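Start at 1 and go down the list; that is how both ligands and their atoms are numbered. Computed from a predicted model, the values in this text were never measured in an experiment.
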Amino acid sequence: MTLLDGKKILTEIREELSIKVQQYIAQGHRAPCLVAVLVGNDGASQTYVSSKEKNSASCGYQSRILRFDESMSEEELLNEIEKLNQDDTVDGFIVQSPLPSHISAQRIFDAIDPNKDVDGFNTINTGKLTKGMDCFVPATPLGIIELLKRYQIETSGKHCVVIGRSDIVGRPMSILLSLPKAGGNATVTLCHSRTQNLKQFTLQADIVVAALGKPEFLTGDMVKEGAIVIDVGITRIDDPSKKSGFRLSGDVKFDEVAIKCSYITPVPGGVGLMTIASLLQNTMKAYELKLGNNSKKN
Ligand code: NAP
């Protein structure tokens with residue numbers, strides 16, 4: 001069994017991006033700029049956003065967090081989005097989920113300029129993804145494809161079972177795996193809470209992507225020998241023995257599954273870090289898109 005090491009790949013990607021940033025700066029351009037918008041005080045969101053900011057800074061990006069109170073209205077947030085859309089010094093930005101319940105997340109995502117939508121949640125990017133067109137792809141599934149590529153794991157012709165059909169993970173994952181191009185060409189089964197006898201599907205899978213948010217859901221008896229298992233789940237479980245008061249659990253019962261499979265991602269240290277890596281890559285893509293557009297205008 002080989003661990004798919006998100007930390008190692010994130011480090012590689014940060015180094016590649018740092019070199020690009022230095023080259024652009026040497027040519028007289030400014031550094032890429034990523035902004036994260038955070039509404040409210042959700043503990044997990046604060047952790048994710050500050051990790052994204054630190055990683056951006058470590059590869060030479062300008063990065064900042066815009067923090068707003070939970071009581072902010074949808075209209076006020078839409079105004080802030082419009083300012084970011086118009087700000088030429090901002091290449092890409094994200095609005096961290098979850099948003100307070102009085103704000104429609106999709107309305108917010110759809111207000112983001114599709115060329116600055118580095119989380120890939122805008123409906124225009126979703127539509128392009130389904131057609132296999134160049135677009136911003138949601139960072140978590142994009143990171144999983146990148147991880148598989150960097151470990152030279154072939155997806156073509158494989159049977160991939162994705163558990164979970166959310167807009168941000170499961171469904172885009174199933175689309176990417178089925179696209180007729182590198183990192184795709186798989187036969188994909190998409191399972192969800194209405195799937196009956198889910199185990200009959202996971203037992204046939206060459207690659208299982210568990211993205212349902214149920215700790216230790218995927219057990220050893222649900223995977224075949226030699227399968228590749230990608231654990232997307234991150235759930236905080238109360239644990240008084242930890243300084244933080246919690247531990248993180250994935251959707252895979254690691255000890256049981258790891259002894260059967262050929263490759264597996266750890267939690268933490270797997271997909272979560274690849275999500276950050278993809279966000280950094282998407283920000284570089286937005287920056288280069290803008291550079292290209294500006295040079296066409298000049
Ligand atoms: P979500 O929006 O809650 O979607 C969960 C999906 O799982 C739904 O499609 C649901 O089916 C399905 N599901 C729930 N219970 C199931 C069951 N018993 N059997 C089969 N399918 C079931 O969650 P999400 O945003 O996709 O996130 C999933 C997990 O990934 C969470 O733990 C989240 O924290 C984690 N996550 C991690 C990263 C990362 O960077 N590592 C990024 C994003 C999310 P229905 O559609 O039928 O309800």
Using atom types as modelled, flag every donor-acceptor pair under 3.5 Å from a side chain in residues 126-139 to any protein atom, sequence neighbours excluded.
unit_1, atom_1, unit_2, atom_2, d
Thr126, OG1, Asn122, O, 3.2
Thr130, OG1, Gly127, O, 2.6
Asp134, OD1, Lys285, NZ, 2.6

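If you check each of Ala139, Gly272, Ser166 against atom 1 (P) of ligand 1, the one with the closest non-hydrogen atom is Ser166. Heavy-atom proximity to atom 5 (C) of ligand 1, evaluated over Leu248, Leu212, Ile230, is greatest for Leu212. The heavy atom nearest to atom 32 (O) of ligand 1, considering only Thr265, Ile234, Asp251, is found in Ile234. The residue from Leu273, Val232, Ile144 that puts a heavy atom closest to atom 37 (C) of ligand 1 is Val232. Here atom 12 (C) of ligand 1 lies nearest to Gly164 when heavy atoms of Gly164, Gly270, Pro172 are compared. Scanning Arg236, Met274, Arg165 for the heavy atom closest to atom 9 (O) of ligand 1 points to Arg165. With atom 47 (O) of ligand 1 as the reference point, the heavy atom nearest to it among Pro215, Ser249, Ser193, Ala211 is part of Ser193.
Among protein heavy atoms, atom 21 (N) of ligand 1 sits closest to His192 C, 3.1 Å. Protein heavy atom nearest atom 25 (O) of ligand 1, with residue, atom name and distance: Ile168 CD1, 3.7 Å. Closest protein heavy atom to atom 18 (N) of ligand 1: Phe217 CE1, 3.6 Å. Looking from atom 31 (C) of ligand 1 to the surrounding protein, the closest heavy atom is Gly213 CA, 3.6 Å.
Counting heavy atoms closer than 4.0 Å to ligand 1, residue Thr140 contributes side-chain atoms (C-beta onward) but none from N, CA, C or O. Only the side chain of Val169 comes within contact range of ligand 1, with a heavy atom under 4.0 Å; no backbone atom does.
Residue contacts with ligand 1: Arg194 is placed with no nitrogen or oxygen under 3.5 Å of a nitrogen or oxygen of the ligand (distance criterion only). Checked by distance only, ligand 1 and Leu198 stay at 3.5 Å or farther apart across all their nitrogen or oxygen atoms.
The aromatic ring centres of Tyr287 and Tyr61 sit 6.0 Å or more apart.
Taking every non-hydrogen atom of Ile163 and a distance limit under 4.0 Å, the qualifying atoms of ligand 1 come out as 20 (C), 21 (N). For ligand 1, the atoms sitting less than 4.0 Å from at least one non-hydrogen atom of Val271 are 41 (N), numbered in the order shown with element in parentheses. Contact atoms of ligand 1 toward Lys214: 15 (N) (distance under 4.0 Å to a heavy atom of the residue).
Between the CD1 atom in Ile153 and the CD1 atom in Ile144 there is a gap of 12.0 Å [rounded to 0.5 Å].
Grouping Ile, Leu, Val, Met, Phe, Trp and Tyr by side-chain contacts under 4.5 Å, direct or through others, puts Leu38 with Val49, Ile65.
Contact between Gly170 and ligand 1 is absent, with no heavy atom of the residue lying under 4.0 Å from the ligand. By the 4.0 Å heavy-atom criterion, Tyr48 is excluded from the residues contacting ligand 1. Ligand 1 has no atom lying under 4.0 Å from any heavy atom of Thr195.
Open room surrounds CG on Asn41; 12 or fewer heavy atoms of other groups in view lie less than 6.0 Å from it.
Using a cutoff of 4.0 Å between basic side-chain nitrogens and carboxylate oxygens, Lys83 and Glu80 are scored as salt-bridged.
Across Val95, Ile94, Leu84, a single residue satisfies side-chain contact (heavy atoms from CB on, under 4.5 Å) together with Val35, and that is Leu84.
The protein does not reach atom 3 (O) of ligand 1 closely, with no heavy atom under 4.0 angstrom from it.
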